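Notes for the one structure printed next.
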Amino acid sequence: MESVLRYLDCTSVCLALVVGLLSLFVLEIFRMNSSRNQSPPGPKPLPFLGNLPQFIKDPMTYIRSMPKYGELCSMYLGRNPTIVLNTMQIAKEAFVQNGAVFSGRPSMPLTRWLNKGYGIVMAPYSNSWRQQRRFALHTLRDFGLGKKTVEERVAEEARYLIKEMLKEEGKPFYPSHPIMNAVSNIICSIIFGDRFDYDDKRFAKLLDILNDNVRLVGSPLAQIFNLLPFMKHFPGPHQKVWENDVALKEFIFEVVEEHRKTLDQENLRDFIDAYLVEMMKQESNEDSTFHKENMLRSITDLFGAGTETTANTLRWGLIYMMDNPDVQERCHEEIVRVLGFDRFPSTNDRSHLPYTYATVHEIQRNANIAPLGVMHTTTQPTQLQGFHIPAGTDIVPNLTAILNDQEHWKYPDMFNPENFLDEKGQFCKNDSFLAFSLGPRVCLGETLARTELFIFFTSLLQQLRFSWPPGASSPNKRGTAGIVRTTLPFNTICRSRETSH
Ligand code: HEM
């Protein structure tokens, strides 16, 4: 009897909790809807898109359609109106000409819970962010100038990747893990001084965790959490995000402790060594931003941002190559004509491989892995094109619209490397190529990512031919929408060029 009562007690408490949570959620939705009827900020009302169901159903089509509302428009992505910058010109006006005002980051409950304002990616526009960013940029550069350049590391890693893929030669396989492991090894070698084998189970688990968190943080779960932040006190899928984050930090912390024991200040091995030395140098400075919390968060930021983005672009690249075998063949022929089968590509080869270089850009334009970039916020009241914008207004650059702008691309709606070639077949830049955003918050890893994409891609097409397995078709190009637009699972068949031609 006692246990039945205890059971009933437990069930009713849980029920009460669920009912309570649901009512709060419904109230919040009502509150949001009523606040939506108020015009978004400004004496001149901004074109306002309030159609959230359409956004949820097909976000990419919705995002692409936004320019029809004007150069800037606003929508709700949670509690507050978010201003969307739909053209390159307006994005420059805000993020470059008025960079200090437009480079804040919103303090959203989920990121506040996880990051506490530390690190780089979601840190507010502050002295701490500036110092962490500058330090990371310098250190990435320094460790690329060490004994082995970043280019050499990427070329070497590409060889491992090709070898790994050839283990499955002629058989359909899902290339996600080897690609992610290979890409991650580049940032790992800079941060941790080491790479990880593709069959390292512990590292594979870590990459799964990273994948999982990128997916969860970009899912509706994050929106719900941001509406009802007290959820953090209750069980639910958001606890998984927390556990994953803890596991990531624990892994990094262990590596940091190993580094501390073997640190030689005269012979720095990697980012962690450089950070430990900076912490020691600034020990007596009370205002120093170089402390354990910032170190762990900066490392998770670099590890996360440096893995998912480039790995996803390469996966999209394979899909576009299998969909466009003629482009794949043309790249291969150009690469072999210039490098032969054996010479490693380097970034100096870019000017001799215009078609391949254009193809890498076209992959990035179509992959569009950050459809709305990363959210910014205004640090003080300001004006943009006559609109008054209060401090703390959320702003997103519509990278999707800019990368597909009908007026600035020869073939905006199709995959075509000609978008980056002139009439003589030479590579030509396009100002609307805005995959890495711009201004003070521009992607910190842009140079690294460009180097990785070119060398991985050129090496893969030099040595391998990719095709769809018989009967398989290209996966849905919508991918999954989140903070990173990821590919849906797909199988490929690869064959060594030496045996297949
Ligand atoms: C194809 C690859 C990549 C793409 C398309 C990409 C794109 C972006 C975009 C759109 C942003 C947001 C900029 C803004 O707030 O306006 C960003 C930020 C950032 N990216 Fe990348 N990224 C890539 C690779 C990398 C790599 C390899 C690293 C590693 C070093 C990296 C590190 C960062 C960091 C740390 C930030 C935050 C910068 C800040 O807030 O100051 N990214 N990236």
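The basis for the numbers below is simple: all heavy atoms, side chains too, and nothing from hydrogens, waters or symmetry mates. All of these numbers come straight from a predicted model, not from anything done at the bench. Indexing begins at 1, ligand by ligand and atom by atom, following the structure's order.
- Checked against the 6.0 Å centroid threshold, Tyr118 and His291 count as a close aromatic pair.
- Using bins of under 30°, 30° to 60° and over 60° for the plane-to-plane angle, the ring pair Phe433/His361 lands in the tilted bin.
- In summary, Glu278 and Lys281 engage in a salt bridge, as defined by a charged side-chain N under 4.0 Å from a carboxylate O.
- Ring geometry for Phe420 against Phe427 counts as parallel: the plane angle stays under 30°, on a 0 to 90° scale with 60° as the upper cut.
- In this pair, Phe271 and Tyr275 present their aromatic rings tilted. The plane angle is within the 30 to 60° band.
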Identify all pairs of nitrogen or oxygen atoms, one from ligand 1 and one from the protein, separated by less than 3.5 Å, and list them with distances.
residue: ligand 1; atom: 15 (O); partner: Arg105; partner atom: NH1; Å: 2.9
residue: ligand 1; atom: 15 (O); partner: Arg105; partner atom: NH2; Å: 2.8
residue: ligand 1; atom: 15 (O); partner: His376; partner atom: NE2; Å: 3.0
residue: ligand 1; atom: 16 (O); partner: His376; partner atom: NE2; Å: 2.7
residue: ligand 1; atom: 16 (O); partner: Ser437; partner atom: OG; Å: 2.6
residue: ligand 1; atom: 40 (O); partner: Arg105; partner atom: NH2; Å: 2.9
residue: ligand 1; atom: 40 (O); partner: Arg441; partner atom: NH1; Å: 2.8
residue: ligand 1; atom: 41 (O); partner: Trp129; partner atom: NE1; Å: 2.9
residue: ligand 1; atom: 41 (O); partner: Arg133; partner atom: NH1; Å: 2.8

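- For Gln89, the CD atom sits in a loose shell: 12 or fewer heavy atoms of surrounding residues, nucleotides or ligands are nearer than 6.0 Å.
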